[in-house]
There are 2 protein chains.
Amino acid sequence: MVAVWHCQEVTSANTAGAVRQGSLRELNLAVVLGRIAAAGRPPSRAAIAADTGLTRATVSAVVDDLIAGRLVAEVDPEPRTGAGRPARGLRLAADGPAGLGLEINVDYLAACVVDLTGAVRHHEVRRADLRPVSPSEALARLVELAGRAHAVADRLGLTLAGATLAVPGLVDAHGLVRLAPNLGWRDVDVPALLAGHPPLTGTVGGVPALTVDNEANLAALGELYAVPGTASFLHVSGEIGIGAGIVLDGVLFRGARGWSGELGHVPVDPAGPRCRCGGRGCLETYAGQEAILGAAGLSEADLPADTAARRLAHLAAAGDRATLDALHAAGNALGVAVAGVVNLLDLDTVVLGGGYATLAPWLRPPVAAELTARVLTAAWAPVSVRAAALGSESAAVGGAGAVVHRIVARPSGWLARRE
Amino acid sequence: MVAVWHCQEVTSANTAGAVRQGSLRELNLAVVLGRIAAAGRPPSRAAIAADTGLTRATVSAVVDDLIAGRLVAEVDPEPRTGAGRPARGLRLAADGPAGLGLEINVDYLAACVVDLTGAVRHHEVRRADLRPVSPSEALARLVELAGRAHAVADRLGLTLAGATLAVPGLVDAHGLVRLAPNLGWRDVDVPALLAGHPPLTGTVGGVPALTVDNEANLAALGELYAVPGTASFLHVSGEIGIGAGIVLDGVLFRGARGWSGELGHVPVDPAGPRCRCGGRGCLETYAGQEAILGAAGLSEADLPADTAARRLAHLAAAGDRATLDALHAAGNALGVAVAGVVNLLDLDTVVLGGGYATLAPWLRPPVAAELTARVLTAAWAPVSVRAAALGSESAAVGGAGAVVHRIVARPSGWLARRE
DNA sequence: GCTATTTGTTCAGTGGTTGAATTAAATGGT
DNA sequence: ACCATTTAATTCAACCACTGAACAAATAGC
């Protein structure tokens with residue numbers, strides 16, 4: 001039996017439920033570990049105590065638990081000025097639990113290992129056109145990559161605490177891929193197909209070993225973890241479809257059924273061309289990959305899927321008029337749609353990810369212009385538009401990051417695991 | 001000194017910070033009170049214990065505190081079948097703290113008192129055109145209504161625990177009304193103008209006595225409290241502008257700066273008429289009050305502001321062709337814009353509020369049709385569209401409800417108050 | 001070397017939950 | 001009418017985790 005949870009941010013231990021005696025320690029483990037994770041430089045126990053309001057005694061006890069559980073390590077005190085016993089710095093352990101990030105996309109498979117500190121310790125991409133490959137065959141190849149990642153993690157002294165698989169499609173709460181149009185998948189029961197392949201089976205520390213999630217969502221999480229400081233943003237992911245990952249206050253917003261983020265079918269012009277969704281003038285018909293390629297005079301058949309964005313960037317950099325115009329038009333349409341979202345949600349940052357990251361130099365100006373013109377509060381608080389910091393690896397890294405992020409947010413689960 | 005907080009949902013006691021010894025009780029007070037509030041019929045201590053996982057001993061102790069603090073009352077056991085000592089039912093006290101809801105709008109002032117159970121115990125509306133009236137004069141009149149509400153609350157044995165003022169405009173975190181275009185207000189410091197007018201001054205139980213918030217936000221909250229069961233929805237409020245209150249998992253979403261919900265300027269047609277925001281073809285130019293009136297052949301000057309929606313409804317009910325067409329067109333545009341939001345946020349319910357509530361019989365069909373056509377997941381999970389349950393009183397009631405809701409969410413603040 | 005200062009640990013004390021035993025109040029069978 | 005049964009609520013010793021103060025450790029400055 002394979003247990004799979006839809007990847008879900010665990011913000012606090014069990015706020016919803018009752019608070020038992022032991023929850024106190026459980027919550028404070030999370031609080032202290034969170035401070036260590038958030039701190040710029042390794043904080044001392046005393047600093048954490050002053051910061052949280054807990055006593056130094058309590059913080060020491062909590063930290064002992066965290067060190068015993070290999071979540072935190074002590075570092076030598078950094079040279080400090082002034083009198084007093086030097087503090088021992090605390091930082092997240094780089095040899096404790098780690099997350100395994102996996103991705104299946106149209107033209108590649110990827111696996112990576114991210115440790116508690118968020119560092120990518122291993123990364124492997126295997127290019128291959130997966131559209132003609134059956135789901136079970138694709139997953140079998142993925143298991144190979146996962147196995148190698150597992151071996152590398154062992155060698156580095158890391159313990160894999162869970163895995164997240166990114167797929168370009170709608171995923172339900174049980175890890176069932178409802179629809180991944182570009183892969184040609186429909187109702188693929190990933191957990192069932194992976195049954196019996198550790199480390200992708202069973203549970204780790206009470207949490208299912210594998211979660212399956214949408215690629216755009218995980219890419220947004222990757223961006224969140226990679227660039228600390230921006231807690232709320234819209235991550236627009238331009239591929240064949242256009243997905244949006246919405247991060248609000250450091251938490252990925254998923255919607256009632258986990259199907260949020262469909263930006264491609266926001267109407268841009270009701271009299272525009274017919275869209276495959278049945279509507280007219282959806283954003284996708286202006287700023288989707290096919291639309292941009294078409295406007296630039298290229299046909300999708302000309303080139304492998306993975307190089308579309310790079311090909312366009314190459315042409316644009318060379319000054320190709322048709323391409324520049326196509327990108328400008330796409331940027332305008334994107335700006336119109338994103339402005340609506342920004343007005344609605346009062347966001348202050350827009351991140352161009354996926355294929356758009358490559359094209360950001362040409363998309364950013366028209367997008368920013370539309371935002372300035374259409375966002376009501378732009379005069380008071382300008383909206384910043386930037387390219388994603390991570391490249392195509394963002395979804396896998398985001399998935400792996402989600403695993404370790406969950407441990408940091410609720411360390412008690414990891415500490416209570418049977419070794 | 002008047003202390004004002006921007007109305008903010010307090011979801012849990014102090015999850016962000018450290019958990020002290022006393023927080024345990026603090027959290028469990030909230031948990032137990034929350035169960036009592038959420039339960040359909042008065043639950044017994046034993047049922048709460050079974051439900052939360054706490055022991056009956058703990059629940060009894062917690063309930064004692066709640067009863068002593070006049071937040072909970074015991075009711076006679078309801079006739080039950082089967083053996084065993086009958087349970088004593090627990091319900092929210094109807095004679096404890098209450099919330100004062102106030103509203104200043106273009107053509108009326110309103111005040112209401114809502115008790116802990118959510119019942120509206122007092123409601124007064126005073127119609128008057130407030131556009132020519134200065135802010136201080138308008139607030140002076142509001143203080144009169146607040147005074148009467150205070151007197152009524154006293155007579156009913158209720159203790160006012162705070163007040164919320166709804167205004168049709170942008171409000172910042174300190175209660176400063178940045179801009180209320182339809183009132184003609186700009187940078188009005190409401191708390192300063194109300195200084196010295198209890199019960200609108202100072203703090204109650206550690207929480208500022210008065211919070212100021214946007215009317216559309218509070219109307220959405222009113223809907224949330226009035227119709228239990230729908231935890232996530234989009235509340236569209238059609239007045240001169242078009243505001244959207246976004247409720248996600250029972251929490252009003254406010255955006256980074258509290259300025260979320262601007263739906264009126266979602267683009268519907270980039271080639272459409274110019275909008276006062278500077279863009280083109282914004283939703284407001286199709287489904288705003290003026291637009292509908294214009295399309296129906298009426299001019300705004302013809303009628304007082306408050307009757308626009310009712311006048312349109314009257315004409316539509318009488319079968320007036322121009323009005324029916326105008327409403328149909330507005331509904332279509334609204335449906336297009338809302339479909340984008342629903343796709344983005346994966347919502348399953350849309351509530352037509354404000355002026356749209358009156359016009360719902362005519363707006364609902366085209367809105368629903370557009371949603372069915374444009375929402376990608378509509379085939380799996382249809383989106384329900386319905387009129388708001390509360391009428392024009394929704395913002396005041398929602399504001400008062402927010403006060404008592406805050407107490408239910410964190411009873412320790414109320415219990416710790418100096419009597 | 002001595003004092004001041006800051007860090008981290010030890011330890012008795014306390015608040016709040018736990019779990020079992022006890023009391024309370026009803027039903028149902030004989 | 002009486003008693004066993006059943007469920008509700010309270011009482012009480014035990015225990016767990018945090019508190020606060022005292023103490024030990026480690027450094028800078030004089």
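Letters A, B, ... are given to chains in the order of the sequence lines, protein chains preceding strands, and every chain is numbered from 1.
- In this view, A:R41 and A:E78 satisfy the side chain to side chain donor-acceptor pair (under 3.5 Å) rule, not counting sequence neighbours.
- Atom P of nucleotide D:dA17 and atom CG of B:L27 are separated by 16 Å, given to the nearest angstrom.
- Looking at residues two or more places apart in sequence or on another chain, you find a side chain to side chain donor-acceptor pair (under 3.5 Å) between A:E74 and A:R45, A:R88.
- Taking atom CG of B:L54 as the reference point, atom P of D:dA9 lies 15 Å away to the nearest angstrom.
- The side chain to side chain donor-acceptor pair (under 3.5 Å) search around A:T159 returns A:R70, not counting sequence neighbours.
- The phosphate of C:dT7 (OP1 or OP2) has no side-chain N or O of A:R88 nearer than 4.0 angstrom.
- Of the candidates C:dG8, D:dA17, C:dG16, the closest approach to any side-chain atom of B:R25 belongs to C:dG16.
- For the pair B:L29 CG and C:dG15 P, the computed distance is 16 Å after rounding to whole Å.
- The phosphate of C:dT17 (OP1 or OP2) has a side-chain N or O of B:N28 nearer than 4.0 angstrom.
- D:dA8 atom P lies 17 Å from atom CG of B:D76, rounded to whole Å.
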Please produce a list of atom pairs where a protein N or O lies less than 3.5 Å from an N or O of nucleotides 9-13 of chain C.
residue	atom	partner	partner atom	Å
C:dT9	OP2	A:S60	OG	2.4

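- Residues in residues 54-69 of chain A take part in these salt bridge (charged side-chain N to carboxylate O under 4.0 Å, His left out) pairs, two or more places apart or across chains: A:R25-A:D65.
- Atom CG in A:L24 sits about 14 Å away from atom C1' in C:dT18, given to the nearest Å.
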**Report entry** Test side chain to side chain contact (heavy atoms under 4.5 Å, CB included) applied to B:L54 and B:V32, step by step
**Finding:** CA-CA 9 Å; B:L54 295 168; B:V32 170; 4.2 Å; yes

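- With sequence neighbours left out, the side chain to side chain donor-acceptor pair (under 3.5 Å) criterion links B:T117 to B:D115.
- Put simply, A:T58 has a side-chain N or O that comes within less than 4.0 Å of OP1 or OP2 on D:dT19.
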